[in-house]
2 protein chains.
Amino acid sequence: MTGTVEADNHPFVRKVASVALFDLSEPERKALAGLPMHVARYEAHQDVVVEHDRPNRCFAVLSGLAATYKTTRDGRRQVVAYHVPGDVPDFQSLHLEVLDFSISAVTDLRIGFVAHDALRAMFDAHPRLGDVFWRTTLIEGALSREWMLNNGRRESYPRMAHLFCELMVRMEVVGLATGHSCPLALTQYELADALGISSVHVNRILKELRERGLITLSGGRLTIHDWTALARAGEFDPTYLHLKETDS
Amino acid sequence: MTGTVEADNHPFVRKVASVALFDLSEPERKALAGLPMHVARYEAHQDVVVEHDRPNRCFAVLSGLAATYKTTRDGRRQVVAYHVPGDVPDFQSLHLEVLDFSISAVTDLRIGFVAHDALRAMFDAHPRLGDVFWRTTLIEGALSREWMLNNGRRESYPRMAHLFCELMVRMEVVGLATGHSCPLALTQYELADALGISSVHVNRILKELRERGLITLSGGRLTIHDWTALARAGEFDPTYLHLKETDS
DNA sequence: CGACTAGTTGAACGACGTCAACCGTTGTGG
DNA sequence: CCACAACGGTTGACGTCGTTCAACTAGTCG
């Protein structure tokens with residue numbers, strides 16, 4: 001293996017390459033792969049950062065699933081984003097001092113911390129990389145908007161269908177899905193918090209999706225048996241994910 | 001009047017100065033004020049940009065109120081953000097080719113278009129300004145998250161209270177509110193689309209807020225009679241707006 | 001084997017939606 | 001200058017989607 005191949009397997013290089021609209025230069029690859037990264041592990045349900053924190057570092061998800069969430073005063077929880085490997089969920093801490101959300105491990109999680117200073121130095125030296133990271137934060141914004149539409153204007157059946165479509169596509173993009181099946185260890189409570197409904201209702205909708213032969217979600221695994229029907233039910237159009245054209 | 005004062009009244013200079021964590025240098029002010037801007041007017045309910053557009057320019061709201069929205073296939077509409085003067089609602093078009101949302105004029109609107117090329121040139125010459133605009137897009141992301149919590153986990157009464165609190169604070173920041181009263185020409189239909197409820201229900205909640213003496217919304221004007229009670233009802237905590245410390 | 005957690009299901013309730021009628025204001029054209 | 005259409009707001013009656021409460025099951029861990 002050459003150094004180049006090694007760098008290409010680095011999570012940052014993979015992620016940035018998948019988002020950038022240009023080919024990364026060799027110095028850019030080196031800068032990304034050379035970022036000093038501190039790897040840490042979290043168990044499911046642990047918080048990585050919490051609201052009001054003032055981090056001096058960002059982190060990338062290396063493996064597992066993370067969730068950004070907020071809570072009301074009386075403890076009701078709303079998941080506002082899920083993060084698959086490669087994502088940098090608290091990137092905004094680079095420019096906004098105090099966090100307005102918390103991020104927790106949904107499953108066992110491996111993450112890599114990178115100091116703000118190191119990132120800033122890299123962006124100074126390689127401005128195009130800054131633009132790519134900017135692009136990633138804008139894509140996250142696009143996901144937020146789609147979630148708002150989904151949670152605000154679709155009933156729970158299509159709403160859940162839409163969420164499963166999104167998660168499957170994103171898992172496919174990072175190579176974690178095979179044949180419309182991917183690891184997804186979400187409890188029904190967590191699903192409820194993402195969809196803005198109750199866990200009891202999640203259970204009923206899940207049952208309906210299962211009985212109609214669209215999906216199964218069990219054993220920490222989501223399998224979509226009828227992609228076409230699920231996408232139709234959820235009115236799923238992946239444009240908002242802003243993927244670069246690959247296959248479908 | 002000196003050239004400096006003139007520049008300080010320029011919408012971009014005002015906006016950037018209000019968001020930046022540092023003092024703008026004179027060259028930076030000049031660059032902002034010197035951006036070639038094409039002013040245009042839109043009547044209420046006209047679209048400025050629509051989903052799937054591929055703009056080669058951004059625009060700033062100069063006066064009036066704009067709304068970013070998305071629709072489901074059957075035409076149900078969800079407003080995902082409001083934009084007050086100074087905001088640059090489609091900034092993401094600088095980095096994402098195709099729009100995943102539409103933006104319409106809520107009231108009569110005056111906007112200023114700025115070509116992407118001009119912005120890119122400015123960011124190359126003044127990297128700190130790029131960081132400030134990045135910061136603004138991250139703040140918009142914070143608003144999205146708060147909206148998701150609000151729409152997903154609060155019932156319609158506190159939900160509407162929260163929205164009015166947010167809008168009032170934002171109007172105050174740009175100097176359009178006096179004594180908890182500001183122009184706000186939203187119809188009940190539009191309010192419904194922002195809150196994810198029906199217009200009939202908006203009417204009822206509005207009546208309740210009015211009868212409890214918290215607000216009045218009429219004649220294109222929102223007046224908050226009891227800020228404390230409204231903020232309490234909406235569990236409003238302005239942290240997520242990421243304002244720089246001024247008054248309260 | 002007991003304790004705990006996640007899932008499942010029924011029944012009653014409630015928040016909100018839908019439908020429909022009606023009112024008030026505005027603006028336009030005969 | 002009035003008629004009337006168009007639109008936004010208001011209200012009641014009723015339907016429904018989703019919640020809440022509660023009981024029960026199944027799997028897992030010590």
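Chain letters run A, B, ... following the sequence lines, proteins first, then strands; residues in each count from 1. These figures come from a predicted structure and were not determined experimentally.
- Between A:D226 and A:R212 there is no salt bridge, since no side-chain nitrogen of the basic residue lies less than 4.0 Å from a carboxylate oxygen of the acidic one.
- Inter-residue side-chain proximity for A:L109 and A:V61 is flagged as met; some heavy-atom pair is nearer than 4.5 Å.
- Remark: A:D87 engages A:K15 in a salt bridge, criterion side-chain N to carboxylate O under 4.0 Å.
- Cation-pi geometry between A:R57 and A:F113 is met: the NZ or CZ atom falls under 6.0 Å from the ring centre, inside 45° of the normal.
- A:R210 has no side-chain polar atom (N or O) that falls below the 4.0 Å cut-off from OP1 or OP2 of C:dG7.
- Between A:R153 and A:K207, the residue anchored closer to the 5' end of DNA chain C is A:K207, taking for each the nucleotide with the nearest heavy atom.
- Per the geometry, CZ belonging to A:R154 stands 17 Å off P belonging to C:dG17, to the nearest Å.
- Distance, A:I197 CD1 to D:dT19 P: 6 Å, rounded to whole Å.
- Counting only heavy atoms from C-beta on, B:V200 has its side chain closest to C:dC19 among D:dG9, C:dC19, C:dC16.
- The distance between atom CG of A:L206 and atom P of C:dT8, rounded to the nearest whole Å, is 7 Å.
- Remark: P of D:dT20 and CD of B:E155 are 8 Å apart, rounded to the nearest angstrom.
- Residue A:Q188 has a polar side-chain atom (N or O) positioned under 4.0 Å from OP1 or OP2 of C:dT8.
- Side-chain contact between B:H180 and B:T223 is absent, with no heavy-atom pair separated by less than 4.5 Å.
- For A:T187, counting side-chain heavy atoms from C-beta on, the closest listed nucleotide (C:dG7, D:dT11, C:dC16) is C:dG7.
- Taking only distance into account, the side chain of A:R204 never meets the base of C:dG7 through a donor-acceptor pair shorter than 3.5 Å.
- Between the CG atom of B:N203 and the P atom of C:dA21 there is a distance of 18 Å, rounded to whole Å.
- What separates CG of B:D74 from C1' of C:dG17 is a distance of 14 Å, to the nearest Å.
- The B:S156 side chain lies nearest to C:dC16 when the options are D:dG12, C:dC16, C:dG7.
- Rounded to whole Å, the distance from OH on A:Y189 to P on D:dT19 is 14 Å.
- Atom CZ of B:R76 is separated from atom C1' of C:dG17 by 10 Å (rounded to the nearest Å).
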